[in-house]
Amino acid sequence: MELAFIPSPSRGVLYLGPIPLRGYAFCIIIGVFVAVWLGNKRWIARGGRAGTVADIAVWAVPFGLVGGRLYHVITDYELYFSEGRDWVDAFKIWEGGLGIWGAIALGALGAWIGCRRRGIPMPAYADAVAPGIALAQAIGRWGNWFNQELYGKPTDLPWALEITSSADGRVPGTYHPTFLYESLWCIGVAVLVIWADRRFRLGHGRAFALYVAAYCAGRAWIEYMRVDDAHHILGLRLNVWTAMLVFVLAVTYLVVSSKKRPGREAVVEPGASGGEADGDDEAVGDEAVGEGKEDEAKADDEANDEAGSAKKT
């Protein structure tokens with residue numbers, strides 16, 4: 001008998017008249033807003049203009065959604081193209097099914113296009129938005145809770161997730177809430193990146209690489225706990241192999257980049273001035289005013305001396 005568990009919502013969609021309001025979509029949308037908000041604050045702190053992050057997100061977000069869906073459909077093609085399935089379902093993104101690997105890959109392409117149009121270095125932009133992306137993932141994972149999907153192995157732990165749906169082969173019971181594990185892990189990743197960025201002044205894409213490496217480390221063991229159908233290679237789920245490969249690439253980039261391009265970018269956006277620069281300009285201005293006053297006082301003294309000499313004469 002379970003003394004406690006996390007209940008699943010009775011349904012993942014509400015209707016406002018004929019308009020469906022889906023919990024999964026709301027989680028994705030809220031996550032995007034949080035990522036843009038935090039990314040904007042970090043971009044301004046690095047010397048960029050307000051609004052630049054949102055302008056580039058207009059390119060990155062649609063590309064990311066398409067990439068995430070493509071990765072899911074390609075790696076789980078049998079859900080849409082096998083016998084008895086309707087291929088049209090591959091376009092029903094609101095029913096769940098976004099692969100983070102594809103979302104990051106195509107999202108990065110969209111961000112690159114946006115950065116090129118603004119003359120902004122892509123690594124600097126990636127560093128600014130990295131912790132925001134982690135928080136967006138943390139929020140987005142709650143969409144799986146609304147859909148009662150991507151849970152782990154059966155358990156009777158007090159924080160077990162209760163699955164009540166029997167659709168698509170689900171077996172009602174209590175399972176490990178892997179959506180919650182990953183959500184909490186992503187919050188920890190965001191905190192880690194923010195701390196490391198302040199402590200070591202990460203630049204040239206290293207904050208983003210740290211986010212990728214830290215996320216992959218958690219995704220590997222969380223993925224191993226899941227029980228949903230997945231392709232396996234040498235006994236491991238495909239996403240576990242993907243996480244390990246991407247982890248190695250991210251760590252390699254961290255090491256190589258820190259040796260080749262240490263420090264942080266001095267300028268992240270042409271024509272913009274950060275807080276530190278503004279302070280320097282103000283100090284320079286005060287110094288100039290002070291020098292002007294000194295020159296004026298000196299001129300007055302010289303005039304007084306000449307007047308005194310004339311009286312004596």
Side-chain angles (χ1 to χ4, degrees), residues 12-13 19-36 39 54 56-114 126 129-130 132-151 165 167-170 178-179 182-183 186 208 211-212 215-216 219-220 222-223 226-233 237-243 245-246:
V13 56
I19 303 175
L21 306 176
R22 303 181 184 277
Y24 185 89
F26 268 108
C27 291
I28 299 298
I29 293 171
I30 293 172
V32 170
F33 273 102
V34 169
V36 172
I56 296 176
V58 171
W59 289 89
V61 172
F63 272 73
L65 291 175
V66 172
R69 189 59 174 178
L70 280 175
Y71 181 89
H72 168 72
V73 172
I74 291 172
T75 55
D76 291 301
Y77 61 88
E78 66 278 357
L79 298 177
Y80 307 100
F81 302 105
S82 59
E83 186 177 356
R85 298 284 185 170
D86 186 357
W87 63 270
V88 177
D89 292 341
F91 297 95
K92 296 179 180 179
I93 192 172
W94 56 85
E95 293 183 355
L98 289 174
I100 184 61
W101 316 113
I104 293 296
L106 273 194
L109 175 60
W112 178 79
I113 294 174
V129 300
I133 295 176
L135 290 180
Q137 289 177 250
I139 297 170
R141 272 306 175 199
W142 284 85
N144 302 134
W145 176 66
F146 279 103
N147 287 352
Q148 296 197 38
E149 61 184 0
L150 306 186
Y151 45 85
S165 174
D168 296 328
R170 297 184 182 91
T178 49
F179 83 91
E182 186 166 339
S183 180
C186 287
F208 186 81
Y211 144 70
V212 172
Y215 171 74
C216 289
R219 179 61 185 267
I222 294 171
E223 183 75 22
R226 283 167 42 172
V227 295
D228 53 297
D229 291 334
H231 295 286
H232 287 72
I233 301 176
R237 293 165 66 96
L238 174 61
N239 282 332
V240 175
W241 285 107
T242 304
L245 174 61
V246 177

- Message: Please determine whether side-chain contact (heavy atoms from CB on, under 4.5 Å) holds for the pair Leu98 and Tyr24, giving the CA-CA distance in whole Å, both sets of side-chain angles, and the decisive distance to 0.1 Å.
- Response: CA-CA 11 Å; Leu98 289 174; Tyr24 185 89; 3.6 Å; yes
- Note on the structure: Of all heavy-atom pairs linking Ile28 and Gly140, the shortest is CD1-CA, 4.3 Å
- Message: List the residues meeting side chain to side chain contact (heavy atoms under 4.5 Å, CB included) with Val13, not counting sequence neighbours, and say none if there are none.
- Response: Tyr15, Pro20, Arg22
- Between Gly31 and Ala136, the two heavy atoms sitting closest are O-CB, 3.2 Å
- Task: Name the orientation class of the two ring planes belonging to Phe91 and Trp87 (parallel below 30°, tilted from 30 to 60°, perpendicular beyond 60°).
- Result: perpendicular
- Message: If you compare all heavy atoms of Ala130 against all heavy atoms of Phe208, which two are closest, and at what distance to 0.1 Å?
- Response: CB-CA, 3.8 Å
- Rounded to the nearest 0.5 Å, how far does CG of Leu150 lie from CG of Asn144? 4.5 Å
- Query: Would you say Ile133 and Tyr215 make side-chain contact, with heavy atoms under 4.5 Å?
  - Reply: no
- Message: Are the side chains of Leu238 and His232 in contact, using a 4.5 Å heavy-atom criterion?
- Response: no
- Item | Close side-chain approach of Glu78 to Arg85, heavy-atom, < 4.5 Å | no
- Note on the structure: Interatomic distance, CZ@Phe179 vs CD1@Ile222, rounded to 0.5 Å, equals 12.0 Å
- Under 3.5 Å, is there a donor-acceptor pair between the side chain of Gln148 and the main chain of Ser165? yes
- Message: Once rounded to the nearest 0.5 Å, what's the spacing between atom CG of Leu79 and atom CG of Asp229?
- Response: 7.5 Å
- Message: For a quick test of reading the model, state the closest non-hydrogen atom pair linking Gly99 to His72 and the distance between them.
- Response: N-CB, 4.1 Å
- Has the side chain of Arg170 got a donor or acceptor atom that lies under 3.5 Å from a matching backbone atom of Ala167? yes
- Listed partners of Trp142 passing side-chain hydrogen bond (donor to acceptor under 3.5 Å, both in side chains), at least two apart: Ser183
- Task: Return yes if some donor-acceptor pair links the side-chain N/O of Arg219 with the main-chain N/O of Glu182 below 3.5 Å, else return no.
- Result: no
- Query: Where is the tightest heavy-atom contact between Ala243 and Cys216, given as atom of each residue plus distance?
  - Reply: O-CB, 3.4 Å
- Once you round to the nearest 0.5 Å, how far does CG of Asp86 lie from CZ of Phe81? 10.0 Å
- Message: Any heavy-atom pair between the side chains of Ile104 and Tyr211 that's under 4.5 Å?
- Response: yes
- Query: About how many Å separate OH of Tyr71 and OG1 of Thr242, when rounded to the nearest 0.5 Å?
  - Reply: 3.5 Å
- How many angstroms lie between atom OH of Tyr80 and atom CD1 of Ile74, to the nearest 0.5 angstrom? 12.0 Å
- Closest heavy-atom contact between Gly143 and Cys27? N-SG, 3.5 Å
- Query: Do any N or O atoms from the side chain of Trp241 and from the backbone of Ile233 form a donor-acceptor pair under 3.5 angstrom?
  - Reply: yes
- Parallel under 30°, tilted from 30 to 60°, perpendicular over 60°: which one fits the rings of His231 and Tyr77? parallel
- Query: Is the shortest heavy-atom distance from the side chain of Glu149 to the side chain of Asp228 under 4.5 Å?
  - Reply: no
